[in-house]
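Right, one structure below, let's go through it.
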Amino acid sequence: MALTKKPYRGTRDFFPLEKRIQDYLFSVMHKTAKSFAYEHYDGPMLEEVELYKAKSGEELINDQIYSFTDRGERFVAIRPEMTPTLARMVASVHREEPKPIRWYSIPNLMRYEKPQKGRLREHWQFNCDVFGAPERIGEIEILQMVVELLENFGATSEHFEVLINDRLIVDTVFKKIINASEEDTYRLYKIVDKAKKVKPEAIEKMLGETSLDENQKSHFYRYLKCTSFNDALSFLEEHGKSEESSSLKSLMEKIESIGLDPYLSFDPTIVRGLDYYTGIVFEVFDKSPDNRRAICGGGAYANLLTIFNEDPLPGVGFGLGDVTLKDFLETHNLLPNFDTPKNDLLLTCQFEDGLFDMIALGKELRSKDLNVFLQPAPIKFKKVFNLAAKKGTSCALFYGEDEKAKGEVQLKNLATKEQVNIDLSNIEEMTTFIQKCEQEL
Ligand code: HAM
């Protein structure tokens, strides 16, 4: 039986077109992270399952992890997320590193999910995290970075919003206002996390599985109805919890002062499925009704390093997936056209004996940082234009018998039709002309 040509379910083959798009997404990620002076790191594809058991949460471990026992009887997983690896790496160096530690990475991750729009089994995830930043500065910087990243793709507050909450507030509501037990608090987190995705009856059913009485449930529903920061603050104040509300208030003031408020809204259902978050939690959503998916998720985690017996070093960060990002950019027509590759020069000759002169010339031009597509056989003058369009070059070089006799090449700007003859040995002049074609495009 012939083997299938399809990739494994939920993964993608990146043919050159798809890879050009992904390279573009990554280039903007690198540029944004570097503009905030974040340093690039990476880790291994495989980790011991224990690493995720410590803090990542039930869903990831029970349903989503790819795990197996290796030949040495170690129980290992293909990384489903980067944060535990990052915490492990930071735990091993943080004593020597000046604070804050600002790192970023673009790992590929695997989760056993039901493949659907925006959800695959393998995705790449832009991760930016900061450890040991002064109180609130880390959170503000991370939020600023998410917004700037999407702005660098041309998006505005018309296209996306950042829905934010604070686990301190949620904890206060669950533990001190609802007075839920530890076990019920854990369940309430899971119910809130699903609140927008399921019908009201399903919420009622899940609440029925807790030990909450009617009065406690009514507090829970009141919390779910909070639609703004002010609403959430009044709810806390109604129950005498003004101390807890003041921390969120100060964060909101700072967010306003740096102009991020048009992007941010409070959402009581944002609690995040991963267990390690302890402070702010947020998700970035596409505002288009056709693509209501989280493009990005993140938050603050104070105690992740303690699983390595280290002192707590507060961290905050986010993960933004390539699948959801591409869907978002496509939805809003923000993705440039990548139909053709991009090269600086199409290098051709029009007679058999000219080819080796062109191979030698190609070497010279590449040393000037030009991307040169060599046509590996003689080609008729008229056919060059079509080929140049396919290979994405704005300049073509011709070398016929006449040019050889004169010791020249002919260069043509394909956009403006400007044409020049340049001495075969004058690499500098050729480079200047080719670069000019690129700029005029
Ligand atoms: P997460 O919410 O699980 O967070 O994932 C972050 C983002 O990765 C999601 O918003 C989504 O864009 C993308 N993503 C997740 N799973 C898939 C999937 N199966 N297919 C396609 N895209 C997906 C985390 O992983 C945290 N570790 C992020 C973080 C970093 N928190 C602090 N620092």
Side-chain angles (χ1 to χ4, degrees), residues 8-12 22 25 29 33 38 41 43 47 51-52 54-61 63-66 77-90 101-131 133 138-139 141-143 145-146 149-150 160-165 167 193 197 270-286 291-305 314-329 331:
Y8 167 69
R9 187 165 148 79
T11 68
R12 290 161 289 169
Q22 198 190 49
L25 303 183
M29 292 171 184
Y38 277 53
Y41 73 96
E47 292 277 8
L51 182 67
Y52 305 104
K55 288 262 183 199
S56 290
E58 276 172 7
E59 194 189 11
L60 203 79
I61 296 294
D63 308 333
Q64 297 181 341
I65 214 158
Y66 277 86
I78 302 178
R79 57 187 176 192
E81 59 155 336
M82 197 60 175
T83 314
T85 300
L86 167 70
R88 184 176 58 67
M89 290 169 66
V90 169
I101 298 172
R102 293 169 156 131
W103 286 2
Y104 83 95
S105 189
I106 317 178
N108 54 336
L109 309 173
M110 294 207 70
R111 296 182 188 181
Y112 193 80
E113 300 217 43
K114 187 165 171 247
Q116 54 191 287
K117 188 169 186 305
R119 278 277 173 273
L120 294 179
R121 290 187 173 166
E122 183 182 39
H123 76 284
W124 273 254
Q125 198 188 82
F126 180 42
N127 274 252
C128 293
D129 290 84
V130 52
F131 286 82
E139 283 105 315
E141 179 168 287
I142 284 294
L143 290 169
M145 198 154 163
V146 172
L149 174 80
L150 295 175
F160 72 94
E161 60 185 341
V162 185
L163 303 181
I164 182 170
N165 197 350
R167 278 208 176 185
D193 191 35
K197 298 163 210 151
I270 300 294
V271 288
R272 312 270 299 129
L274 298 157
D275 286 350
Y276 44 73
Y277 297 111
T278 52
I280 65 153
V281 276
F282 60 90
E283 291 194 346
V284 178
F285 274 84
D286 190 336
N291 190 38
R292 277 307 277 174
R293 274 222 164 261
I295 307 165
C296 164
Y301 42 89
N303 307 318
L304 206 40
L305 261 50
V316 49
F318 68 83
L320 177 138
D322 67 330
V323 181
T324 43
L325 175 64
K326 180 168 168 267
D327 287 348
F328 167 72
L329 297 175
T331 302

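In each ligand, atom 1 is the first atom listed, and ligand 1 is the first ligand listed. These values consider heavy atoms only, across backbone and side chains, with no hydrogens, waters or symmetry-generated copies.
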Please identify which atoms of ligand 1 are closer than 4.0 Å to at least one heavy atom of [X].
X: Asn127; value: 30 (C)
X: Gly118; value: 20 (N), 21 (C), 22 (N)
X: Thr324; value: 11 (C), 12 (O)

Going by the closest heavy atom to [atom], which one wins out of [options]?
atom: atom 31 (N) of ligand 1; options: Phe282, Tyr277, Phe285, Tyr301; result: Tyr277
atom: atom 8 (O) of ligand 1; options: Arg119, Gln116, Arg293, Gln125; result: Gln125
atom: atom 28 (C) of ligand 1; options: Gly317, Pro80, Gly319; result: Gly319

Heavy atom of the protein closest to [atom] (residue, atom name, distance):
atom: atom 4 (O) of ligand 1; value: Arg272 NH2, 2.9 Å
atom: atom 33 (N) of ligand 1; value: Asp129 OD2, 2.8 Å
atom: atom 25 (O) of ligand 1; value: Arg111 NH2, 2.9 Å
atom: atom 20 (N) of ligand 1; value: Leu120 N, 3.0 Å
atom: atom 24 (C) of ligand 1; value: Leu274 CD1, 3.5 Å
atom: atom 14 (N) of ligand 1; value: His123 NE2, 3.3 Å

**Request:** Ignoring angles and geometry beyond distance, decide whether Arg121 reaches within less than 3.5 Å of ligand 1 through its nitrogen or oxygen atoms.
**Result:** no
**Request:** Check the angle between the aromatic planes of Trp103 and Tyr41 and answer parallel, tilted or perpendicular using the 30° and 60° thresholds.
**Result:** tilted
So, [X] side chain and [Y] main chain: donor-acceptor pair closer than 3.5 Å or not?
X: Arg293; Y: Lys117; answer: yes
X: Arg111; Y: Glu122; answer: no
X: Gln116; Y: Lys114; answer: yes
X: Arg167; Y: Gly279; answer: no
X: Asn127; Y: Gln125; answer: yes

**Request:** Classify the contact between Tyr276 and ligand 1 as side chain, backbone, both or neither, using a heavy-atom distance cut-off of under 4.0 Å.
**Result:** side chain
**Message:** For Asp322, which part has a heavy atom under 4.0 Å from ligand 1: side chain, backbone, both, or neither?
**Reply:** neither
**Request:** Apply the test side chain to side chain contact (heavy atoms under 4.5 Å, CB included) to residues Leu320 and Ile295: give CA-CA distance (whole Å), side-chain angles for both, the deciding distance (0.1 Å), then the verdict.
**Result:** CA-CA 6 Å; Leu320 177 138; Ile295 307 165; 4.0 Å; yes
**Message:** Asp193: which residues meet the side chain to side chain donor-acceptor pair (under 3.5 Å) condition with it, sequence neighbours left out?
**Reply:** none
**Message:** Looking only at the aromatic ring of each residue, does the gap between the centers of Phe285 and Phe328 stay below 6.0 angstrom?
**Reply:** no
**Message:** Below 4.0 Å from ligand 1: does a non-hydrogen atom of Met82 turn up there or not?
**Reply:** no
**Prompt:** Yes or no on side-chain hydrogen bond (donor to acceptor under 3.5 Å, both in side chains) for Arg272 and Tyr277, after CA distance, side-chain angles and deciding distance?
**Reply:** CA-CA 8 Å; Arg272 312 270 299 129; Tyr277 297 111; 3.0 Å; yes
